[in-house]
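Chain naming here is simple, since letters A, B, ... match the order of the sequence lines and numbering starts at 1 in each.
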Amino acid sequence: MDDIRHDELAATASDNPHANARDSSPKPQKARSIDVDEDIAWQRRTWMIQRLGWLGMGGLVLAALTGVFGHGPVSWQQASDPAGLVRVEYERFERQLSEHTLKVDIAPGAATGGAVALRLNGAFLDATEMKEIVPRPQEERSAGRDVEYVFPVARPDQPATVRFVLKLKEARTIQAEIGLAGREPARFTQFVYP
Amino acid sequence: MDSVLRAAFIYFFLLIVFRIAGRRTLSEMTTFDFVLLLIIGEATEPVLLGDDPSVIHAAIVIITLLLLNIAMSLVKERFKFMEKLMDGVPTIIVEHGRLMQERMDRARVSRDDVMEAARRMHGIERLEQIKYAIVEVSGGITIVPQAEG
């Protein structure tokens, strides 16, 4: 209603008392004596953008609840190797340097000679900082760029679970391959937020 | 390099988020607003410092933030547009004792807020005694009383 052209007003010194003379208010009888650097068109645009911003913020919170930023239902995923012997529970979306647990379930019968050897690919290990492995491997051996962890298994007829507590150091997409030594691994992709 | 980028990201992120949240949000500080501000500070701290508690790191982060603030004030000084973009503009919400309701709704200012400011600053009793009420860039309400007589 009282759209004031302020670009020029703003350009001049705002403490100039004559600046108001150029205030082309639609209601001349209400020409303002007050020298306020008002720009209601700008202010309305600001209000509108703020409303949109609130919606955006609400959307972000809802998205965070679903887990697209990690640690939520959308993020919780499983991957299996083609033989179905290894199943990895992982997070599709992880966060840089946040400590989390990768759970590897090994089907009964996968163990040979009282031990099972899990192979993790080098690209994945490059991006991770291993904090702890439960149970502790009895042996860790290098296999090219990959590393094989050998775990003792008390009951080979029972499923076994190995937990890797780790941090992902780099914010990027990481291709992981986890499987039994000498077999096709379970492959999965993790995206790491900074 | 990392710490400078992190500090810069946080600076601009907070700048944008607080601009979107609007000026009423933290200007009239209630006790809870103050607590909220502390929590926001707590949430920001590990991002800025991470797992590097060295003196040099803290110094880099602090200097980066201060330098950014100086740079932004210079930019605002130089370009009026940037000042409007970052700080907003004042808005008149009462004119000659008449409430501009639509603007007040948008600015999230109630009649009570206006009257409170009027009482506090000028001991004004009635709305008609207000010539202008303005929501300032800082978020406070300024009252210009009607001339006597």
Side-chain angles (χ1 to χ4, degrees), chain A residues 1-15 19-20 23 25-61 64 95-99 129 131 167-171 193-194, chain B residues 2 5-6 9-10 13 15-25 46-47 49-52 76 78-98 100-109 130-137 141-147:
Chain A
M1 53 177 234
D2 37 13
D3 213 339
I4 304 162
R5 291 191 357 255
H6 264 264
D7 292 337
E8 52 198 286
L9 192 63
T12 61
S14 60
D15 52 355
N20 278 310
D23 246 2
S25 173
K27 293 174 186 167
Q29 76 274 16
K30 277 199 173 180
R32 287 182 183 132
S33 56
I34 188 166
D35 182 10
V36 175
D37 196 7
E38 199 193 35
D39 183 347
I40 196 66
W42 177 273
Q43 186 58 59
R44 282 182 200 289
R45 212 154 44 231
T46 307
W47 282 329
M48 203 184 69
I49 293 168
Q50 281 180 349
R51 261 43 169 198
L52 290 176
W54 298 353
L55 282 179
M57 282 156 87
L60 273 179
V61 170
R95 297 163 190 179
Q96 190 179 17
L97 292 180
S98 102
E99 197 169 299
E129 181 185 330
K131 304 298 283 186
K167 287 180 177 180
L168 293 167
K169 288 182 290 188
E170 292 163 28
Y193 287 100
Chain B
D2 200 34
L5 292 181
R6 275 167 181 263
F9 175 81
I10 288 292
F13 174 77
L15 190 73
I16 292 168
V17 166
F18 275 84
R19 188 78 175 90
I20 285 173
R23 59 173 84 138
R24 282 285 292 169
T25 312
V47 181
L49 292 182
D51 48 6
D52 179 359
K76 280 193 271 190
R78 180 80 181 71
F79 304 101
K80 266 288 191 215
F81 173 77
M82 287 303 289
E83 186 167 10
K84 280 162 81 179
L85 193 67
M86 284 193 283
D87 292 343
V89 289
T91 309
I92 297 174
I93 51 169
V94 175
E95 199 176 27
H96 299 291
R98 187 173 58 84
M100 299 162 107
Q101 196 59 50
E102 186 254 345
R103 292 179 178 199
M104 288 171 64
D105 291 346
R106 298 235 178 214
R108 284 174 285 161
V109 178
I130 301 175
K131 190 172 183 187
Y132 289 113
I134 300 139
V135 181
E136 297 293 356
V137 171
I141 301 170
T142 308
I143 303 289
V144 179
Q146 201 77 259

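For the pair A/E38 (side chain) and B/I92 (backbone), a donor-acceptor distance under 3.5 Å is present. Remark: side-chain polar atoms of A/Q50 are paired, donor with acceptor, to backbone N or O of B/R19 under 3.5 angstrom.
Only the backbone of B/D105 comes within contact range of chain A, with at least one heavy atom under 4.5 Å from a heavy atom of that chain. In this structure, the portion of B/I134 lying under 4.5 Å from any heavy atom of chain A is its side chain and not its backbone.
Summarising the geometry, atom CD belonging to B/E102 is positioned 6.5 Å from atom CH2 belonging to A/W47; distances are rounded to the nearest 0.5 Å. Distance check: B/L85 CG to A/I49 CD1 gives 8.0 Å after rounding to the nearest 0.5 Å. Atom CZ of B/R103 sits about 3.5 Å away from atom CD1 of A/I40, to the nearest 0.5 Å.
Considering only residues two or more places apart in sequence or on other chains, A/E99 meets the salt bridge (charged side-chain N to carboxylate O under 4.0 Å, His left out) condition with none of them. Among residues two or more places apart in sequence or in another chain, the side chain to side chain contact (heavy atoms under 4.5 Å, CB included) test is passed with B/I20 by A/W54, A/M57, B/I16.
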Verdict with supporting geometry, A/M48 and B/R106, side chain to side chain contact (heavy atoms under 4.5 Å, CB included): CA-CA 9 Å; A/M48 203 184 69; B/R106 298 235 178 214; 5.6 Å; no
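Within a 6.0 Å radius of CZ in B/F9, other residues, nucleotides and ligands contribute 12 heavy atoms or fewer.
Scanning all heavy atoms of the two residues, the minimum distance from B/V89 to A/Q43 falls at O-OE1, 3.0 Å.
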